[in-house]
S.K.: 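Please read through the structure below; I'll follow up with questions.
Just so we're clear, the structure is a prediction, and the values are computed from it rather than from any experiment.
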Amino acid sequence: MGDEAGGPSEEEVRGVARKYALQNAVQHGGSCEMGPVMARVLGERADWRSSARAVSAVVKDAVAQVNALGADAQLEELEAIDPSLVERRVQERERGLPDLENVAGEVVMRFAPGPSGPLHVGHSRAAILNDEYVRRYGGRYILRLEDTDPARVMPEAYDMIREDMEWLGCQVHEVYEQPDRFDLYYEHARQLLEMEAAYVCTCPAEELRELRAAGRACPHRDVVATVHLDMWDRMLEGAYGPGEASMVIKTDLSDPNPALRDFVALRISDEPHPKTGDRYRVYPLYNFSVALDDHLMGLTHVLRGKDHLNNTLRQKWVYRYLGWEPPEFHHYGFVSIADTVLKTSHIKASMADGRYSGWDDPRLGTLRALGRRGISPEALRRYWVEASIRPIEMSFSWKTLFAHDRDVHEPTTPRLFFVPNPVELAVSSPEPLVGHAPVHPDDPEMGVRQVALPSSDDGRYGVVVARDDLSRISSAGRFRLKDLGNFEFTGPREIAYAGDDLAIVKEGAPIVHWTTPEGVQTRVLRPDGTRDEGLVEPMALELDGRFVQFERYGFGRLEVDPGGPSVTSFFAYR
């Protein structure tokens with residue numbers, strides 16, 4: 001980099017990079033990321049794209065320096081450099097996430113999945129939005145693994161969820177697992193029984209449901225507390241079997257919503273828990289454990305879907321009895337995710353019978369599957385921030401997610417030629433032919449892909465094109481092999497070099513992609529279960545784990561196959 005080479009000076013790049021790194025950090029609670037900052041820099045100075053590699057090194061350094069600052073210092077410096085970017089931050093907040101209500105200083109928020117499997121795209125909404133707000137206001141972000149139903153626990157999910165949160169870029173400050181808290185649940189259950197705010201019921205479950213539906217009291221409901229405390233002790237001692245006794249929270253039996261009349265707080269299960277074995281037999285249900293945990297962990301704000309409205313009202317009964325102030329609840333609209341495999345039980349069963357290769361099978365909607373396809377966590381974050389926490393129902397748009405992902409990846413994604421269903425052609429040329437194509441069309445510093453056509457014993461050269469392209473070019477007078485030259489047919493599978501004059505493109509000559517017969521065997525796995533097979537140029541073997549674009553075909557992530565010189569591409573989008 002330097003003026004003498006015709007490129008920007010390092011000082012000039014550093015100033016622009018610093019500005020956009022500060023803006024990105026202020027927008028995201030004090031932490032900026034390389035991809036978005038690089039995109040903003042090259043968006044402002046398109047003339048720097050030819051020096052993108054050198055620019056990237058300066059941007060990387062600027063990002064590291066800005067991340068080392070405190071949030072207040074970032075905002076103060078951004079206001080000094082360009083106040084309009086601070087104003088734009090407010091405008092973007094209005095279009096995206098609104099301010100939380102009743103914030104007094106720092107916030108404490110949580111993401112609380114059940115460890116029945118790894119996280120999927122639907123989980124990412126709550127995970128990211130809670131993270132965004134904690135970054136904005138400062139405070140604590142809690143990951144709470146809600147695993148009080150032992151039948152639904154998958155032991156390996158504990159680590160998988162932590163890994164998924166790390167992949168999403170969520171800054172978790174504390175992690176809790178509910179089996180470690182059973183003594184707390186029991187302590188408060190006894191307190192509620194002593195207050196006669198709860199009772200132990202031995203009615204069959206169906207009978208209790210019918211009584212609630214009719215607004216009638218269970219025969220145990222108004223028995224004195226000492227009787228219920230004795231029954232509670234017997235529950236803990238194992239005197240009752242599963243379904244024979246439960247602890248119920250008293251609410252209003254005349255509530256017009258039957259779902260809010262007396263709800264079960266703890267039940268008996270003989271199912272061993274993967275974490276605690278058979279140490280406990282009395283398990284808290286969702287509304288009881290969540291109400292206690294949210295208070296005891298100091299939650300200030302809870303984001304949840306509108307499908308939890310009844311749960312919020314049930315949990316407020318626990319708060320009322322115990323004299324606690326509830327957190328601020330915000331209920332956002334339901335998001336439907338069509339044509340996407342998310343259900344854990346279905347995935348596990350299909351993995352067992354060999355239909356899916358694992359939790360990262362590209363046909364799934366798990367975060368691991370998205371990561372294997374190369375979808376960036378930053379794109380998911382942009383999507384959910386844009387979707388915001390509005391109370392309206394919405395349909396998840398993969399098209400919009402892919403548009404965000406393309407913006408993230410565009411500045412650094414290598415290009416390759418992929419030829420599906422290849423057909424070999426013999427090429428006549430007076431001299432050897434070598435293709436020269438940029439690794440990235442807007443960044444010459446990423447280099448050039450050089451591919452030479454191999455020669456045969458008869459002095460001709462070999463090239464392969466896609467079968468679909470063959471039918472298109474065979475009827476044309478002349479055509480162009482991109483970044484190689486112009487050609488014309490001299491026989492059914494024979495072509496001859498016809499110069500390199502680009503004027504034929506203006507005249508309407510078709511342009512097709514190609515590689516050599518010695519190209520790398522490639523299979524492309526699509527999320528709909530279909531696949532394409534073909535050849536890709538040799539540079540693919542140097543791009544293991546990279547996100548690439550097969551020109552005219554689509555984007556995806558490459559993996560070099562361990563068994564030989566071949567690659568698998570996990571298709572992302574066109």
S.K.: Would you check if Val341 and Tyr356 make a side-chain contact, meaning some heavy-atom pair closer than 4.5 Å?
M.R.: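 Side chain of Val341 against side chain of Tyr356, heavy atoms only: contact under 4.5 Å found.
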
S.K.: Hey, could you give me each pair passing salt bridge (Lys or Arg N to Asp or Glu O under 4.0 Å) that has a residue in residues 363-374? Not counting sequence neighbours.
M.R.: Glu163-Arg368, Asp164-Arg368, Asp360-Arg372, Asp361-Arg363, Arg372-Glu559

S.K.: Would you say Arg53's side chain and Met446's backbone share a donor-acceptor pair under 3.5 angstrom?
M.R.: yes

S.K.: Around atom NZ of Lys60, are there more than 12 heavy atoms of other residues, nucleotides or ligands at under 6.0 Å?
M.R.: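 Atom NZ in Lys60 is not crowded, with 12 or fewer foreign heavy atoms closer than 6.0 Å.
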
S.K.: Can you see whether Ser428 engages Arg460 through a side-chain donor-acceptor pair at a distance of less than 3.5 angstrom?
M.R.: no

S.K.: Checking the side chain of Arg18 only, and the main-chain atoms of Ile81 only, is there a donor and an acceptor separated by less than 3.5 Å?
M.R.: no

S.K.: Without placing hydrogens or testing angles, list every side-chain donor-acceptor pair under 3.5 Å for residues 498-507, not counting sequence neighbours.
M.R.:
{"unit_1": "Asp500", "atom_1": "OD1", "unit_2": "Arg480", "atom_2": "NH1", "d": "2.9"}
{"unit_1": "Asp500", "atom_1": "OD1", "unit_2": "Arg480", "atom_2": "NH2", "d": "2.8"}
{"unit_1": "Asp501", "atom_1": "OD1", "unit_2": "Ala503", "atom_2": "N", "d": "3.0"}

S.K.: Can Glu10 and Arg14 be counted as an ion pair, charged N to O under 4.0 angstrom?
M.R.: yes

S.K.: Would Phe555 and Phe402 satisfy ring pair (Phe, Tyr, Trp, His ring centres under 6.0 Å), going step by step from the backbone distance to the final call?
M.R.: CA-CA 10 Å; Phe555 293 83; Phe402 297 155; 10.0 Å; no

S.K.: Rounded at 0.5 Å granularity, tell me how far OG in Ser116 sits from CG in Leu145.
M.R.: 11.0 Å

S.K.: Of the non-hydrogen atoms in Leu364 and Ile347, which two are nearest, and what is the gap between them?
M.R.: CD1-CG2, 3.8 Å

S.K.: Can Glu488 and Arg478 be counted as an ion pair, charged N to O under 4.0 angstrom?
M.R.: yes

S.K.: Please confirm whether the backbone N or O of Thr400 pairs with a side-chain atom of Ser397, one donor and one acceptor, at under 3.5 Å?
M.R.: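 Looks like yes, one N/O pair under 3.5 Å.
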
S.K.: Could you go step by step and tell me if Met160 and Met154 meet the side-chain contact (heavy atoms from CB on, under 4.5 Å) rule?
M.R.: CA-CA 10 Å; Met160 297 174 83; Met154 188 180 84; 3.7 Å; yes

S.K.: Give, for atom CD1 of Ile511 and atom CZ of Arg472, the distance between the pair rounded to the nearest 0.5 Å.
M.R.: 9.0 Å

S.K.: Just wondering, more than 12 heavy atoms not from Lys348 lying within 6.0 Å of its NZ?
M.R.: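 Count over threshold, so yes.
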
S.K.: With a 4.5 Å limit on heavy-atom distance, are the side chains of Val26 and Gln74 in contact?
M.R.: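 They are in contact (side-chain heavy atoms under 4.5 Å apart), so the answer is yes.
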
S.K.: Considering only heavy atoms from C-beta outward, does the side chain of Val536 approach that of Thr515 to under 4.5 Å?
M.R.: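 No, every pair of side-chain atoms sits at 4.5 Å or beyond.
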
S.K.: Using every non-hydrogen atom in the two residues, find where Tyr553 and Arg526 come nearest and quote the distance to one decimal.
M.R.: OH-NH2, 3.2 Å

S.K.: In the structure I gave you, are the side-chain heavy atoms of Pro113 and Leu143 within less than 4.5 Å of one another anywhere?
M.R.: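 SC-SC contact between Pro113 and Leu143 confirmed.
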
S.K.: Is a donor on one side and an acceptor on the other found under 3.5 Å between the side chain of His404 and the backbone of Leu401?
M.R.: no

S.K.: Hey, can you tell me if Phe547 and His409 have their rings parallel, tilted or perpendicular (30° and 60° cut-offs)?
M.R.: parallel

S.K.: Please give me the minimum heavy-atom distance between Pro150 and Pro274, naming the atom from each residue.
M.R.: O-CD, 4.3 Å

S.K.: Are the side chains of Tyr158 and Val153 in contact, using a 4.5 Å heavy-atom criterion?
M.R.: yes

S.K.: Within the structure provided, determine whether Val59 and Tyr20 are in side-chain contact (heavy-atom separation under 4.5 Å).
M.R.: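 SC-SC contact between Val59 and Tyr20 ruled out.
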
S.K.: Between atom NZ of Lys306 and atom CD1 of Ile392, what is the distance when rounded to the nearest 0.5 Å?
M.R.: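 Lys306 NZ to Ile392 CD1: 9.0 Å, rounded to 0.5 Å.
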
S.K.: Between Glu44 and Arg40, is a salt bridge (charged side-chain N to carboxylate O under 4.0 Å, His left out) present by the stated rule, with each step listed?
M.R.: CA-CA 6 Å; Glu44 176 176 314; Arg40 286 286 180 92; over 6 Å; no

S.K.: Would Arg125 count as a cation-pi partner of Tyr332, with NZ or CZ less than 6.0 Å from the six-membered ring centre and within 45° of the ring normal?
M.R.: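 Yes, Arg125 and Tyr332 form such a contact.
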
S.K.: Evaluate side-chain contact (heavy atoms from CB on, under 4.5 Å) for Met38 paired with Val55, printing each intermediate quantity in order.
M.R.: CA-CA 8 Å; Met38 184 71 176; Val55 170; 4.1 Å; yes

S.K.: Would Phe550 and Phe417 count as a ring pair (Phe, Tyr, Trp, His ring centres under 6.0 Å) if you check the C-alpha gap in whole Å, the side-chain angles of each, and the deciding distance to 0.1 Å?
M.R.: CA-CA 6 Å; Phe550 289 166; Phe417 291 165; over 10 Å; no

S.K.: Is the shortest side-chain N to carboxylate O distance from Arg449 to Asp483 below 4.0 Å?
M.R.: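 Between Asp483 and Arg449 there is no salt bridge, as every charged N stays at least 4.0 Å from the carboxylate O atoms.
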
S.K.: Give, for atom CD of Glu156 and atom CD1 of Ile161, the distance between the pair rounded to the nearest 0.5 Å.
M.R.: 10.5 Å

S.K.: Keeping the roles fixed (side chain from Thr340, backbone from Ala338), state whether a donor-acceptor pair exists under 3.5 Å.
M.R.: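 Yes; judged by distance alone, with no hydrogens or angles, the pair exists.
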
S.K.: Taking ring pair (Phe, Tyr, Trp, His ring centres under 6.0 Å) as the test, write out the residues that go with Phe479, two or more places apart.
M.R.: Phe489

S.K.: Any chance you could lay out the side-chain contact (heavy atoms from CB on, under 4.5 Å) test for Val512 and Leu481, step after step, and finish with the verdict?
M.R.: CA-CA 5 Å; Val512 298; Leu481 295 180; 3.4 Å; yes

S.K.: Should Arg415 and Glu410 be marked as a salt bridge (charged side-chain N to carboxylate O under 4.0 Å, His left out) after you check the CA-CA gap, both sets of side-chain angles, and the distance that decides it?
M.R.: CA-CA 10 Å; Arg415 272 55 167 175; Glu410 175 61 33; 2.9 Å; yes

S.K.: Step through the shown structure and confirm whether more than 12 heavy atoms of other residues, nucleotides or ligands are within 6.0 Å of CG on Asp339.
M.R.: no

S.K.: Using 0.5 Å steps for rounding, measure from the CG atom of Leu78 to the CG atom of Asn24.
M.R.: 11.0 Å

S.K.: Quick check: does any side chain N or O of Asp147 sit under 3.5 Å from a backbone N or O of Pro115, one acting as donor and the other as acceptor?
M.R.: no

S.K.: Could you report the tightest heavy-atom contact between Ser395 and Tyr383, atom names first, then the distance?
M.R.: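 The pair with the smallest heavy-atom distance is O-OH, 3.9 Å.
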
S.K.: Of the non-hydrogen atoms in Thr490 and Ile495, which two are nearest, and what is the gap between them?
M.R.: OG1-N, 3.9 Å

S.K.: Does this structure show an ion pair linking Glu166 with Arg162, if we count only N-O contacts that are shorter than 4.0 Å?
M.R.: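 No, Glu166 and Arg162 are not salt-bridged.
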
S.K.: Going through the distances and angles, do Glu33 and Val63 end up as a side-chain contact (heavy atoms from CB on, under 4.5 Å)?
M.R.: CA-CA 7 Å; Glu33 296 190 14; Val63 166; over 6 Å; no

S.K.: Say whether, by atom type as modelled, one donor and one acceptor occur between the side chain of His330 and the main chain of Ile389 under 3.5 angstrom.
M.R.: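 Checked: pair present.
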
S.K.: Do Leu453 and Trp514 make a side-chain contact, defined as non-hydrogen atoms from C-beta onward lying under 4.5 Å apart?
M.R.: yes

S.K.: Roughly how far apart are Asp307 CG and Phe334 CZ, rounded to 0.5 Å?
M.R.: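 Going from CG on Asp307 over to CZ on Phe334, the span is 7.0 Å.
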
S.K.: For the backbone of Trp359 and the side chain of Thr366, can you confirm whether one donor and one acceptor N or O come within less than 3.5 Å of each other?
M.R.: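 A pair under 3.5 Å: yes.
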
S.K.: Main chain of Leu303, side chain of His308: is a donor-acceptor contact present, judged purely on distance under 3.5 Å?
M.R.: no

S.K.: By the definition side-chain contact (heavy atoms from CB on, under 4.5 Å), identify the one residue from Glu132, Arg381, Arg135 that meets it with Cys170.
M.R.: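 Considering Glu132, Arg381, Arg135, a side-chain contact (heavy atoms from CB on, under 4.5 Å) with Cys170 is found only for Arg381.
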
S.K.: Within the 4.5 Å heavy-atom criterion, are Pro444 and Pro438 side-chain neighbours or not?
M.R.: no

S.K.: Which pair of non-hydrogen atoms, one from Pro538 and one from Val520, has the smallest distance, and what is that distance?
M.R.: CA-CG2, 3.7 Å

